[in-house]
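Notes to accompany the following structure.
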Amino acid sequence: MRVVVFISGRGSNLQALLEDQNHYKVTHVISNRSQAAGLTTAERFSVPTTVIDWRDKIQAEAQAITLLNNVKPDLIILAGFMRVLSAEFVAQFPRKIINIHPSLLPLYPGLNTHQRALEDRQTIHGATVHFVDQHLDRGHSISQCHINIKADDSAETLADRLLSKEHALLTTTVKKIAQGEIYWRNKQLYYNNQIISQPILWSNT
Ligand code: GRF
């Protein structure tokens, strides 16, 4: 399975994907920022990269669509990509785009998820891998990982603790898609012949 990854910054989720490419291959990395550290990681793994200036969103999306139509990925992964894709863009790649979001969706779509979980005095936090549709952070959830919130957690400690779990969640989910264990049939999402009505929780994540 051919995968294209969109990033904006650090790229630790990208690195986890690059280190785990037995069942899929990252064939291209797209960043909206030329300074994104993840670009250096991609180059270290000899993966071609393209920086697209997203200040003109219409032009940027047109450039990305042309590139994707050349590269022909089976799956597009948003891994810390900090731009919202338009409905028109998403419609070009139906059921092909997934995102990793650092909250237990539908809780806390958007930004500052760790801080918002703390302010609400949640005891459990986590991350979600979901398909991307035209609504921000509201496409079909696939899988989640959970962590306990400690009394002395700050947004930073929570983010740090969650991150390694995110990596396992994302790579496991992508592997299951690559192996055909997670798939769409008649507009329903399945995991091993069962419709996914609740996000999957794997014990290792
Ligand atoms: C991760 O927390 C991811 O869930 C969120 O942005 C962060 C990206 O981190 N969407 P990295 O760039 O993969 O290190």
Is the closest side-chain heavy-atom distance between [X] and [Y] below 4.5 Å?
{"X": "Asp74", "Y": "Val3", "value": "no"}
{"X": "Ile147", "Y": "Ile124", "value": "no"}
{"X": "Phe81", "Y": "Ile30", "value": "no"}
{"X": "His28", "Y": "Thr49", "value": "no"}
{"X": "Thr128", "Y": "Ser141", "value": "yes"}
{"X": "Ile97", "Y": "Leu78", "value": "yes"}
{"X": "Glu43", "Y": "Phe45", "value": "no"}
{"X": "Glu61", "Y": "Ser86", "value": "yes"}

Please check if any side-chain donor atom of Tyr183 sits under 3.5 Å from a side-chain acceptor atom of Asn193, or the reverse.
yes
Smallest separation among heavy atoms of [X] and [Y], with atom names:
{"X": "Asn148", "Y": "Arg161", "answer": "O-NH2, 2.6 Å"}
{"X": "Gln63", "Y": "Val51", "answer": "NE2-O, 4.4 Å"}
{"X": "Leu39", "Y": "Ser34", "answer": "CD1-O, 3.5 Å"}
{"X": "Ser12", "Y": "His167", "answer": "OG-NE2, 2.9 Å"}
{"X": "Ala127", "Y": "Glu166", "answer": "CB-CG, 3.7 Å"}
{"X": "Ile7", "Y": "Ala36", "answer": "CD1-CB, 4.1 Å"}

Path from [X] to [Y] over hydrophobic side-chain contacts below 4.5 Å:
{"X": "Val132", "Y": "Phe89", "value": "yes"}
{"X": "Leu163", "Y": "Ile98", "value": "no"}
{"X": "Ile100", "Y": "Ile182", "value": "yes"}
{"X": "Phe131", "Y": "Ile200", "value": "yes"}
{"X": "Val71", "Y": "Leu18", "value": "no"}

Show the numbers, then the answer: is there a salt bridge (charged side-chain N to carboxylate O under 4.0 Å, His left out) between Arg95 and Asp133?
CA-CA 8 Å; Arg95 294 184 284 278; Asp133 67 10; over 6 Å; no
Which of these, Leu170, Val129, Ile196, Thr172, sits in a side chain to side chain contact (heavy atoms under 4.5 Å, CB included) with Ser143?
Val129
Testing Ile77, Asn32, Leu68 for side chain to side chain contact (heavy atoms under 4.5 Å, CB included) with Phe6, which one passes?
Leu68
Can Glu19 and Gln15 be said to form a side-chain hydrogen bond (donor to acceptor under 3.5 Å, both in side chains), step by step?
CA-CA 6 Å; Glu19 286 170 353; Gln15 178 161 344; 2.9 Å; yes
Taking atom [atom1] of [X] as the centre, does the number of heavy atoms from other residues, nucleotides or ligands within less than 6.0 Å exceed 12?
{"X": "Ile195", "atom1": "CD1", "value": "yes"}
{"X": "Gln59", "atom1": "CD", "value": "no"}
{"X": "Arg121", "atom1": "CZ", "value": "no"}
{"X": "Glu119", "atom1": "CD", "value": "yes"}

Quick one: pull up [atom1] in [X] and [atom2] in [Y] and give me the separation to the nearest 0.5 Å.
{"X": "Lys72", "Y": "Asn70", "atom1": "NZ", "atom2": "CG", "result": "6.5 Å"}
{"X": "Cys145", "Y": "Leu104", "atom1": "SG", "atom2": "CG", "result": "7.5 Å"}
{"X": "Gln35", "Y": "Thr40", "atom1": "CD", "atom2": "OG1", "result": "9.0 Å"}
{"X": "Gln144", "Y": "Leu201", "atom1": "CD", "atom2": "CG", "result": "6.5 Å"}

Is there a side-chain hydrogen bond (donor to acceptor under 3.5 Å, both in side chains) between His101 and Ser103? Walk through the geometry before answering.
CA-CA 6 Å; His101 181 76; Ser103 80; 3.3 Å; yes
From the options Gln115, Arg116, Gln122, His114, select the one residue that forms a side chain to side chain donor-acceptor pair (under 3.5 Å) with Tyr108.
Gln122
Kindly assign one of parallel, tilted or perpendicular to the pair Trp184 and His140, based on the angle between their ring planes and the thresholds 30° and 60°.
perpendicular
Stepwise, does the side-chain contact (heavy atoms from CB on, under 4.5 Å) test hold for Arg2 with Lys25?
CA-CA 5 Å; Arg2 294 161 60 83; Lys25 188 169 161 47; 5.6 Å; no
Please determine whether a side-chain nitrogen of the Lys or Arg among Asp152 and Lys150 lies less than 4.0 Å from a carboxylate oxygen of the Asp or Glu.
no
Verify, without hydrogens or angle tests, whether Thr66 (side chain) and Ala62 (backbone) share a donor-acceptor contact under 3.5 angstrom.
yes
